[in-house]
Amino acid sequence: MDYQKLADLLFPDNKYTVEEIEKKYPKRQLEKGAYVTRFAPSPTGFMHLGGFFSALIDFNIAKRSGGVFYLRIEDTDQKREISGASAVIMNILTGYGLTPDEYELKGGVTVGDYGPYYQTERKEIYKAYAKKLVSEGKAFPCFCKKTEGLNDVKKKREKKFSVGINEDKDPCRNLTLEQIEKNLKEKKKFAIRLRSNGDGVSKVKLYDTAKGEIEMTANCIDAILLKNDLMPTYHFAHAIDDTLMGTTVVVRGEEWLPSLPLHYEIFNALGFSQPKYIHTPLIYKFNEKGNKIKLSKRKHPEADMRFYEKEGYDKQAVMEYLINLINSNFENWRRANPTAELSEFPFNGFKITANTPIFDIVKLNDISKDVISRYSAEKCYEELLAWARENSAENVDYLVKDREYVTKVLNIDREKPKPRKDIYKWSMFFDLFDYMFGKPHNFEIEENKKSDFEDALREYKKYLNLSSKDAWFENVKKMANALGYATDNKDYKQNPEKYKGNVATVCEYIRVAITGRKNSPDLFEIMTLLGEKEVLERISEFA
RNA sequence: GGCCCCGUGGUCAAGUGGUUAAGACACCGCCCUUUCACGGCGGUAUCAUGGGUUCGAGUCCCGUCGGGGUCACCA
């Protein structure tokens, strides 16, 4: 077979040769030890938590080594393309401070010399390499009918098929030049497949920086390199782009691990050497049956980065949670350095756990509470406002108009060595403090306590004193005493039957009347902010 | 089913041949606060399993079991 002739037949009008292309992509001039990483999502208008997770690792590896972090859009599957998706990706990345050094905005600027950064714009590059492989006999055209996508595959999987030796070699690999010419004359579309040398038995030693050496069965599949629209598959584009663009470390989800032998064979065929790989653990949740399942876009809102945006999770907290998932030394560091910037943490992207973590929103909440408790009231206000502008438009006017008051509310129990921690996302603010912005409607009081409750409130009108915290509390005690509630706690504990309750009980009644609930920050501060008139009105509701 | 990854408490995890097997979340108890919290102290609870190797194994090797991933002209 005259492979060169075949290559010319298949690709008569390629714009570039491989040599021409490689001239345009010189080796990057970087300090020794500097890593080049990339985030390479497909533009579906959705960013998965797991994708963000690898971007976080990418960013840290590049930035901490003085290297480059770039964004490449893998838009070769036109069916899935959503317009404006790349802007969404850039927004999230920059919002979290993971701004790429090189990127391209569709219809806008391109930053960086190793572009284009959209794969569809690199079509001629892939074609050049495909032609080269064909001319060397390492790839061949395939005229078969396409598989019908995911459904076909699923059916095949249900049969629990096993892949035997050489069974995956594609029949088209044996087509004669004449047959190919005939097909071409009939304008038949073709894909380009790798002519695999693998037997499906021999082993290859591969390496993952996080997992160590992995021995895998060599690839034996004549994998598609170029689809019949001549766009590359992930595998082919990965080899070419990451080589040309100088990627030294590829961080990607663990679902890619099984295709490592394929990538190994493609890199070899192309004469490229492989980058380092870090396959990150996938993030799971438990389903109803208690089985682990992948955090998925369809089933789990938390899989979508927009969820955290909408809910108003603190960005620092989301990142701290993720780092904590792969390395809990982080928590020790955080405790020792409670006010340090996240960027000061000696994050080692190469040393990540291989375990498969289960997403735990309770833990995220806790981290978020901690992060937010360290903020000043002013910072909280800014964050709250920023969140509201995007996600709660109806509250923006109010926040802007009553900035001072809102800041004071945010400041309750905050300016102290151990600040209160009850806010973990901004969307909860208005519910949590609803009583600061209007009279409560529901009151957490048991039916059998109602008469005591009302008696206490009636009496409290006489005792209300907001002149100082001490005076306020002194009066609460006086009233408690007058109504037969214990003011000596020890005595109360020993002889509870002697009393209707203790000061805590009285406080509970007042708290419920003012806030509607049994839990709230410091009562005196709340009453002071509300003002005497409002406080009396609320008490008078019951007395 | 083939191939591969993973297996320390309910969850996340430190641990790289000798530890009383850290820490955090959650849960429970006590203390502090004569309010709600914050906080402090303590508790329950873990090396999947069976064999090796070794004076010694959570750590190394093999098997088993369990969980997960993958097997598309999707990434």
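First the proteins, then the strands, lettered A, B, ... as listed; each starts at 1.
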Peer 1: When you measure from the side-chain N and O atoms of A/N355 to the phosphate of B/G7, is any distance below 4.0 Å, counting only OP1 and OP2?
Peer 2: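 For A/N355, the contact criterion (side-chain N or O under 4.0 Å from OP1 or OP2 of B/G7) is met.
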Peer 1: Using a 4.0 Å heavy-atom cut-off, does A/K477 contact any base of the nucleic acid, only the sugar-phosphate backbone, or nothing at all?
Peer 2: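 Base contact - A/K477 has a heavy atom under 4.0 Å of at least one base atom.
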Peer 1: With rounding to the closest Å, how many angstrom separate the C1' atoms on B/C47 and B/A22?
Peer 2: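 Per the computed distance, 14 Å lies between those C1' atoms.
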Peer 1: Could you tell me whether A/D229 and A/K189 make a salt bridge, using a distance below 4.0 angstrom between a side-chain N and a carboxylate O?
Peer 2: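 Salt bridge between A/D229 and A/K189, a charged N being under 4.0 Å from a carboxylate O: no.
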Peer 1: Any cation-pi pair here, A/K106 with A/Y118, using under 6.0 Å and within 45°?
Peer 2: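 Yes, A/K106 lies over the aromatic ring of A/Y118.
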Peer 1: Give the nucleotide from the list B/G23, B/A75, B/G15 with an atom nearest to the side chain of A/N332.
Peer 2: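 Looking only at side-chain atoms, A/N332 lies closest to B/G23.
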Peer 1: Polar atoms only, N or O, under 3.5 Å: list the protein pairs with nucleotides 39-47 of chain B and their distances.
Peer 2:
unit_1: B/G39; atom_1: OP1; unit_2: A/K421; atom_2: NZ; d: 3.0

Peer 1: Identify each atom pair where a protein N or O and an N or O of nucleotides 3-5 of chain B are less than 3.5 Å apart, giving names and distance.
Peer 2:
unit_1: B/C3; atom_1: O3'; unit_2: A/T217; atom_2: OG1; d: 3.1
unit_1: B/C4; atom_1: OP1; unit_2: A/K203; atom_2: NZ; d: 2.9
unit_1: B/C5; atom_1: O2'; unit_2: A/K211; atom_2: NZ; d: 3.2
unit_1: B/C5; atom_1: O2'; unit_2: A/E254; atom_2: OE2; d: 3.2

Peer 1: Name the atoms and distances for all side-chain donor-acceptor pairs under 3.5 Å in residues 42-52 of chain A, with sequence neighbours left out.
Peer 2:
unit_1: A/S42; atom_1: OG; unit_2: A/R80; atom_2: NH2; d: 3.4
unit_1: A/H48; atom_1: NE2; unit_2: A/L295; atom_2: O; d: 3.3

Peer 1: Does A/H238 have any ring pair (Phe, Tyr, Trp, His ring centres under 6.0 Å) partners at least two apart in sequence or in another chain, and if so, which?
Peer 2: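 Only A/Y234, A/H263, A/F267, A/Y277 meet the ring pair (Phe, Tyr, Trp, His ring centres under 6.0 Å) criterion with A/H238.
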Peer 1: Fill in the dot-bracket string of RNA chain B, one character per base: . for unpaired, | for a pair to another strand, ( ) or [ ] for pairs within the strand, taking Watson-Crick or G-U pairs under 3.5 Å.
Peer 2: ((((((((.[[[..)..(....]]].(((((.......)))))....[[[[[..)....]]]]])))))))....
Peer 1: For nucleotides 25-29 of chain B, print each protein N/O atom paired with a nucleotide N/O atom at under 3.5 Å, atom names and distance only.
Peer 2:
unit_1: B/C25; atom_1: O4'; unit_2: A/K363; atom_2: NZ; d: 3.3

Peer 1: As a test of reading the structure: which of B/A75, B/G15, B/C12 is closest to the side chain of A/I358, going by heavy atoms?
Peer 2: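 The nucleotide sitting nearest to the side chain is B/C12.
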Peer 1: Within the modelled atom types, does a donor on one side and an acceptor on the other bring the side chain of A/R193 and the base of B/C73 under 3.5 Å apart?
Peer 2: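 Absent.
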